[in-house]
Amino acid sequence: MTQPVREWVRAARRIAVLTGAGMSAESGVPTFRDAQTGLWAKYRPEDLASEDAFRADPGMVWEWYQMRRQMIAKVEPNAGHRALAAFERRHPGRLTLVTQNVDGLHQRAGSQGVLALHGNIADDKWLDEPRDCCVSQAAARGRPPRCATCGNLMRPAVVWFGETLPVAALRAAEAAAADCDLMLVVGTSGVVYPAAGLARMASGRVVVINPQPSDLDDAAHEVLRGTAATLLPQLLEEE
Ligand code: BV8
């Protein structure tokens with residue numbers, strides 16, 4: 001059923017794309033729904049991705065992020081990431097890419113101006129407002145690194161549950177949703193807000209791309225039961 005959607009893509013002046021963990025599944029990055037393995041099997045991601053969890057056991061949460069960072073460093077963007085970047089190169093200003101993913105694979109595929117609503121796992125920031133001591137010297141080595149003077153901890157620069165999203169990125173994403181002719185919702189279960197809400201505020205047609213049912217299927221004009229790396233090249237490639 002991709003044909004009508006290909007027509008919609010060709011006809012659309014402004015396309016918004018919202019991606020989730022499923023976008024990177026075919027690159028080898030487990031989704032949040034996929035069961036955690038090994039040490040992390042007994043934890044739900046949303047229990048680890050929080051300030052409370054980090055303050056309760058900084059070492060454990062830091063190791064979880066180190067594990068994910070090492071895994072992400074070993075994988076490559078897939079054909080879906082590349083198709084989005086290529087479309088953007090061919091049609092500058094026509095596509096706005098909004099992602100919930102912190103893996104940076106869209107950016108590594110060459111996509112420009114990616115609105116990363118939940119931050120980037122490759123970056124760090126101070127847990128508490130840094131003092132002079134924190135910024136005047138290199139963080140003392142450690143897992144996590146910390147300020148040698150006041151003990152302030154380094155944390156991954158991602159948005160944890162209960163934390164607000166970067167305002168500029170969220171506002172730009174909301175504007176793209178309100179202004180689009182077409183929104184492609186790719187590889188998301190649609191349960192995490194406010195990101196999932198973008199699909200419900202889209203002014204244009206909404207197309208869900210997901211091999212499984214998602215919480216946003218009811219918001220879609222078309223649901224394509226397939227994967228990101230197979231369907232996006234089909235939908236976005238030139239005639
Ligand atoms: C906030 C970074 C203000 C960290 C992440 C309204 C209603 C209910 C709850 C809330 C609400 N508003 C706020 C909340 C609370 C909460 C929330 O949404 N909770 C959920 C769990 C109910 N939201 C927040 O806390 C947000 N902050 O609202 O601040 C505030 C503050 C206090 C109180 C109120 C308001 C912050 C949310 C961001 C959290 N950080 N990530 C890190 O990564 O470590 S979220 C993280 O989980 C991801 O970024 C992503 O957003 C989410 C996982 O969802 P998906 O990406 O969709 O992945 P998932 O695994 O679920 O699904 C994958 C899908 O892909 C599946 O459907 C599968 O079928 C499909 N798939 C698989 N393979 C493929 C595929 N699709 C295509 N191709 C394939 N090959």
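First listed ligand is number 1; within each ligand, the first listed atom is number 1.
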Inset, instruction - For atom 42 (C) of ligand 1, state whether the nearest protein heavy atom is under 4.0 Å away. - result: yes

Inset, instruction - Would you please determine whether Pro211 falls within less than 4.0 Å of ligand 1 on a heavy-atom basis? - result: yes

Legend entry - Proximity flag Glu46 to ligand 1, non-hydrogen atoms under 4.0 Å: no

For [atom], what's the nearest protein heavy atom and its distance?
| atom | answer |
| --- | --- |
| atom 29 (O) of ligand 1 | Glu163 O, 3.0 Å |
| atom 78 (N) of ligand 1 | Ala228 N, 3.0 Å |
| atom 26 (C) of ligand 1 | Tyr193 O, 3.3 Å |
| atom 4 (C) of ligand 1 | Val159 O, 3.5 Å |

Numbering the atoms of ligand 1 from 1, which are under 4.0 Å from a heavy atom of [X]?
| X | value |
| --- | --- |
| Tyr65 | 4 (C), 42 (C), 44 (O) |
| Thr227 | 78 (N), 79 (C), 80 (N) |
| Glu26 | 78 (N), 79 (C), 80 (N) |
| Arg68 | 42 (C), 43 (O), 44 (O) |
| Gln100 | 48 (C), 49 (O), 50 (C), 51 (O) |
| Gly187 | 63 (C), 64 (C), 65 (O), 76 (N), 77 (C) |
| Gly20 | 56 (O) |
| Thr164 | 3 (C), 29 (O) |

Proximity to ligand 1 by part of [X], non-hydrogen separation under 4.0 Å:
| X | value |
| --- | --- |
| Val102 | side chain |
| Leu117 | neither |
| Ser214 | neither |

Inset, instruction - Give a yes/no verdict on a cation-pi contact between Arg69 and Trp62, requiring under 6.0 Å between NZ or CZ and the six-membered ring centre and an angle within 45° of the axis. - result: yes

Inset, instruction - Run the ring-centre check on Phe54 versus Trp160 and record whether the distance is less than 6.0 Å. - result: yes

